[in-house]
Number of protein chains: 2
Amino acid sequence: MVQIEQDILGKNDQYAAANRSWFRAKGILALNLVSSPGSGKTSLLTRSIQDLKGRYPLAVIEGDQQTSHDADRIRATGVSALQINTGKGCHLDAHMVGHAIESLGLAEKSLLFIENVGNLVCPAAFDLGEAHKVAILSVTEGEDKPLKYPDMFHAADLMILNKIDLLPYLDFDLALCLDYARRVNPGIEILQVSARSGEGLDAWYGWLAARMAS
Amino acid sequence: MVQIEQDILGKNDQYAAANRSWFRAKGILALNLVSSPGSGKTSLLTRSIQDLKGRYPLAVIEGDQQTSHDADRIRATGVSALQINTGKGCHLDAHMVGHAIESLGLAEKSLLFIENVGNLVCPAAFDLGEAHKVAILSVTEGEDKPLKYPDMFHAADLMILNKIDLLPYLDFDLALCLDYARRVNPGIEILQVSARSGEGLDAWYGWLAARMAS
């Protein structure tokens with residue numbers, strides 16, 4: 001099984017490298033959004049798109065095992081979105097994303113959000129050619145998730161801690177969660193936001209602006 | 001890849017069948033608890049164990065990518081628990097569970113909870129020899145999860161909707177969630193509980209009692 005796994009990952013890495021050069025050539029910032037199911041990735045995206053629509057050309061690739069709900073939610077904002085259904089699969093791969101970017105017709109200097117299948121294990125191993133993996137963790141999931149799913153939090157450059165408007169109603173140890181995240185990834189950046197209340201979103205938009213400018 | 005997948009699943013099914021006959025011979029009720037990360041499986045388990053300790057011999061197998069936090073939480077209740085770390089793996093398999101039951105030294109007529117890796121995709125395909133898959137969904141995850149991860153909710157006999165104490169603070173359409181669950185699995189039983197407040201747990205204990213008696 002080890003050999004087969006290496007072959008699959010090796011093949012994926014070739015497609016990822018091709019996607020990455022294409023993104024670079026077009027000046028496109030591609031972000032791979034990863035999280036548990038229900039962390040609020042799509043809500044964060046729809047809110048971000050409403051707030052950023054004037055600033056950059058935007059596009060979205062949506063990964064889900066089934067349904068086109070998320071792509072429908074994105075398209076309702078007026079931004080183009082392409083849904084990939086993975087069927088039995090637990091993650092997007094670079095080949096799927098390569099096909100998706102052909103269909104999307106992305107403008108130069110776009111900001112491309114790739115919303116992966118909700119899963120804290122499988123997407124960690126599959127490079128899609130993105131500039132950064134962004135891990136979204138909601139405070140309702142408990143503070144121990146970075147330790148229990150270390151590969152994902154190790155692979156991410158940014159952790160967005162979402163749903164902080166619910167903190168008053170939860171037993172969630174915020175300091176411990178940040179400590180756990182930094183234990184598995186000392187260099188990880190962390191932003192605390194609520195996609196519902198809007199709290200903390202300016203810092204997220206600032207993070208994006210810095211990377212769009214570079 | 002299809003052939004390899006069939007070989008793995010075929011091999012797993014043989015181990016699962018062996019586990020299942022062993023459970024039957026010993027009168028053990030084995031339940032496979034599946035959910036997203038952070039749905040509250042371990043909190044539900046520790047609370048259930050506190051409340052059921054006098055009634056049945058209990059034991060727990062814990063699956064996590066990393067850490068023994070969950071087994072430690074279970075052992076703190078005085079019940080024996082065995083932790084399986086899956087490393088890169090996104091689910092338990094029947095072979096791992098077969099080894100675990102050898103080590104656990106289960107009493108006849110025990111109630112065995114197998115807490116799978118937090119993941120709504122991969123564990124759906126792997127039979128562990130359990131009597132029932134029980135899917136836990138927390139209301140913080142959004143009502144669309146049964147449609148987006150249909151294999152899991154199709155494979156489960158019971159869905160436990162957890163964290164209902166948080167409903168007043170969320171935009172969660174309860175009726176729609178139940179409708180979605182029944183669309184992918186018309187026969188699914190559904191219980192609404194809060195492991196924190198204790199609301200609805202009597203119905204869960206009743207569900208267990210009916211199956212322990214049969």
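Sequence lines set the chain letters: A, B, ... in the order given, protein chains first and strands last, and positions in each chain run from 1.
For a residue to count as touching a neighbouring chain, one of its non-hydrogen atoms must lie under 4.5 Å from one of that chain's; by this rule A:K163 touches chain B with the side chain only. Only the side chain of A:L166 comes within contact range of chain B, with heavy atoms under 4.5 Å apart. Interface residue A:L170: backbone and side-chain heavy atoms are both found under 4.5 Å from chain B. For A:D165, no part lies under 4.5 angstrom from a heavy atom of chain B. Interface remark: B:N85 contributes no atoms to any contact with chain A (heavy atom separation under 4.5 Å). When heavy atoms are compared at a cutoff of 4.5 Å, A:K145 approaches chain B solely by way of its side chain, counted from C-beta outward.
In terms of heavy-atom pairs under 4.5 angstrom with chain B, the leader among A:H91, A:K88, A:R196 is A:R196. Ranked by heavy-atom pairs shorter than 4.5 Å toward chain A, the options B:Q66, B:E141, B:K148 are led by B:K148. In terms of non-hydrogen atom pairs under 4.5 Å with chain A, the most contact-rich of B:G142, B:P37, B:C90, B:G38 is B:P37.
Side chains of B:E115 and B:T42: a donor-acceptor N/O pair is present below 3.5 angstrom, by distance only. No hydrogens or angles considered: nothing links the side chains of B:Y180 and B:D144 as a donor-acceptor pair under 3.5 Å.
Comment: B:D127 engages B:R20 in a salt bridge, judged by a side-chain N to carboxylate O separation of less than 4.0 angstrom.
Ring planes of B:H132 and B:W207: perpendicular class, angle over 60° (limits at 30 and 60°). Relative orientation of the B:Y169 and A:Y169 rings is parallel, given thresholds of 30° and 60° on the angle between their planes.
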Practice task
Go through the steps for A:D93 and A:N12 under the test side-chain hydrogen bond (donor to acceptor under 3.5 Å, both in side chains), then give the verdict.
Solution key: CA-CA 7 Å; A:D93 66 36; A:N12 182 75; over 6 Å; no
Problem - Stepwise salt bridge (charged side-chain N to carboxylate O under 4.0 Å, His left out) test for B:K11 and B:D7 - result: CA-CA 6 Å; B:K11 197 94 185 159; B:D7 288 351; over 6 Å; no
